[in-house]
Amino acid sequence: VTILQHERNEPAGIFMDSIRKSGVPCSELPLNETNEIPPLQATHLIIMGGPMSVNDEGDFPWLRTEKQIIREWVADGRPVLGICLGAQLIASSFGAPVYPCRKELGWSSVKAIGDGFFPELPRRFKVFQMHGETFDIPRGATLVFHGTEVPHQALCIGSALGFQFHLEL
């Protein structure tokens with residue numbers, strides 16, 4: 001597993017705990033420090049949150065590379081999980097706009113859309129939010145969770161799944 005980290009204080013949390021317990025090799029790439037993405041030698045990709053916008057490619061040129069990697073991984077059917085900024089990067093990678101929204105900070109409810117993605121979860125549950133941008137659903141993607149204040153809370157497109165909220169906490 002490779003974890004793309006955009007901010008030192010936004011780690012992979014329970015995902016890293018689970019990966020370590022399973023014994024699967026894992027590497028974290030602190031993009032905010034390296035400002036580049038080396039060739040990835042992984043079978044699974046996790047893209048964490050960060051303070052920047054997916055639209056800030058001028059300030060963070062590696063965002064362009066990240067979007068290309070997402071498209072390539074999905075084309076190859078390789079698993080990609082995006083959290084917050086990671087979900088926005090998935091949406092943007094497939095042509096959906098990402099734009100400012102009413103800032104969500106704290107706990108709020110999300111509602112599952114359909115029955116196929118996470119049947120073991122309750123239809124509605126509370127999640128932690130920490131974002132000021134949202135995304136549209138790209139063509140070919142499916143909305144997975146819906147929120148009251150910010151409607152698009154999770155999407156799936158091919159082998160990529162993106163959560164606007166912070167499950168890692």
Side-chain angles (χ1 to χ4, degrees), residues 1-19 24 26-38 40 42-57 59-101 103-105 108 110 117-118 127-138 140-147 150-169:
V1 177
T2 292
I3 298 170
L4 301 181
Q5 193 172 355
H6 301 97
E7 182 67 39
R8 186 53 72 186
N9 66 355
E10 292 197 38
I14 62 170
F15 296 121
M16 181 58 86
D17 296 345
S18 180
I19 293 166
V24 172
C26 182
S27 63
E28 292 177 282
L29 299 177
L31 302 181
N32 59 309
E33 296 171 14
T34 64
N35 292 314
E36 64 180 349
I37 304 173
L40 302 179
T43 58
H44 294 70
L45 181 62
I46 300 176
I47 306 168
M48 298 308 300
M52 66 284 297
S53 169
V54 301
N55 302 311
D56 291 342
E57 293 176 354
D59 294 328
F60 307 100
W62 40 264
L63 287 169
R64 216 174 280 113
T65 305
E66 222 170 336
K67 292 174 191 178
Q68 181 60 38
I69 288 169
I70 292 167
R71 287 189 294 274
E72 290 170 2
W73 277 54
V74 170
D76 291 343
R78 298 164 73 186
V80 176
L81 174 64
I83 303 297
C84 195
L85 176 66
Q88 296 166 8
L89 282 161
I90 291 168
S92 180
S93 295
F94 293 97
V98 174
Y99 48 90
C101 65
K103 190 171 191 165
E104 286 189 306
L105 181 59
S108 67
V110 295
F117 284 96
F118 299 98
V127 296
F128 189 77
Q129 305 277 9
M130 186 171 49
H131 59 91
E133 290 193 317
T134 189
F135 51 85
D136 285 347
I137 303 300
T142 302
L143 179 64
V144 179
F145 288 104
H146 180 272
V150 177
H152 299 155
Q153 289 292 332
L155 77 153
C156 180
I157 184 164
S159 60
L161 177 62
F163 295 105
Q164 180 70 59
F165 45 90
H166 290 267
L167 286 175
E168 77 279 13
L169 299 176

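Just so you know, these numbers come straight off a predicted model, no measurement behind them. Quick note: numbers below take in every heavy atom, side chains included, and nothing from hydrogens, waters or symmetry partners.
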Self-check item: C26 versus I3, closest heavy-atom pair with distance
Solution: SG-CD1, 3.6 Å
Quiz item: For V98, does its backbone N or O pair with a side-chain atom of N55 as donor and acceptor, under 3.5 Å?
Solution: yes
Self-check item: Listed partners of R64 passing salt bridge (charged side-chain N to carboxylate O under 4.0 Å, His left out), at least two apart
Solution: E57
Self-check item: Under the side-chain contact (heavy atoms from CB on, under 4.5 Å) test, residues paired with S18 that sit two or more places apart
Solution: none
Practice problem: Please name all residues satisfying side-chain contact (heavy atoms from CB on, under 4.5 Å) with Q129, sequence neighbours left out, ordered by chain then number. | Solution: E104, S108, V110, V127, H131, Q153, Q164, F165
Self-check item: side-chain contact (heavy atoms from CB on, under 4.5 Å) partners for A91, two or more places apart
Solution: A96, F135, P138, L155
Practice problem: Please name all residues satisfying side chain to side chain donor-acceptor pair (under 3.5 Å) with Q68, sequence neighbours left out, ordered by chain then number. | Solution: R71, E72
Self-check item: F94: ring pair (Phe, Tyr, Trp, His ring centres under 6.0 Å) partners, not counting sequence neighbours
Solution: none
Quiz item: For N9, which residues count as a side chain to side chain donor-acceptor pair (under 3.5 Å) partner, sequence neighbours excluded?
Solution: none
Practice problem: Kindly write out the residues that satisfy salt bridge (charged side-chain N to carboxylate O under 4.0 Å, His left out) with E36, not counting sequence neighbours, or none if the list is empty. | Solution: none
Quiz prompt | Non-neighbouring partners of F128 that pass ring pair (Phe, Tyr, Trp, His ring centres under 6.0 Å), sequence neighbours left out | solution = W107
Quiz item: If you round to the nearest 0.5 Å, how far is CD of E66 from CG of L31?
Solution: 5.5 Å
Quiz prompt | Trace of the side-chain contact (heavy atoms from CB on, under 4.5 Å) decision for I47 with L85 | solution = CA-CA 8 Å; I47 306 168; L85 176 66; 6.0 Å; no
Self-check item: With sequence neighbours excluded, residues passing ring pair (Phe, Tyr, Trp, His ring centres under 6.0 Å) with W73
Solution: none
Quiz item: With sequence neighbours excluded, what pairs up with S92 under the side chain to side chain donor-acceptor pair (under 3.5 Å) test?
Solution: K67
Exercise. Please list, chain by chain and in numerical order, all residues satisfying side-chain contact (heavy atoms from CB on, under 4.5 Å) with T2, sequence neighbours excluded.
Key: L4, S27, L29, L40, A42, L45
Practice problem: Kindly compute the distance separating CD (E168) from CD1 (I46), expressed to the nearest 0.5 Å. | Solution: 10.0 Å
Quiz item: Taking side chain as C-beta onward, heavy atoms only, is D59 less than 4.5 Å from M52?
Solution: no
Quiz item: Once you round to the nearest 0.5 Å, how far does CZ of R78 lie from OG1 of T43?
Solution: 7.5 Å
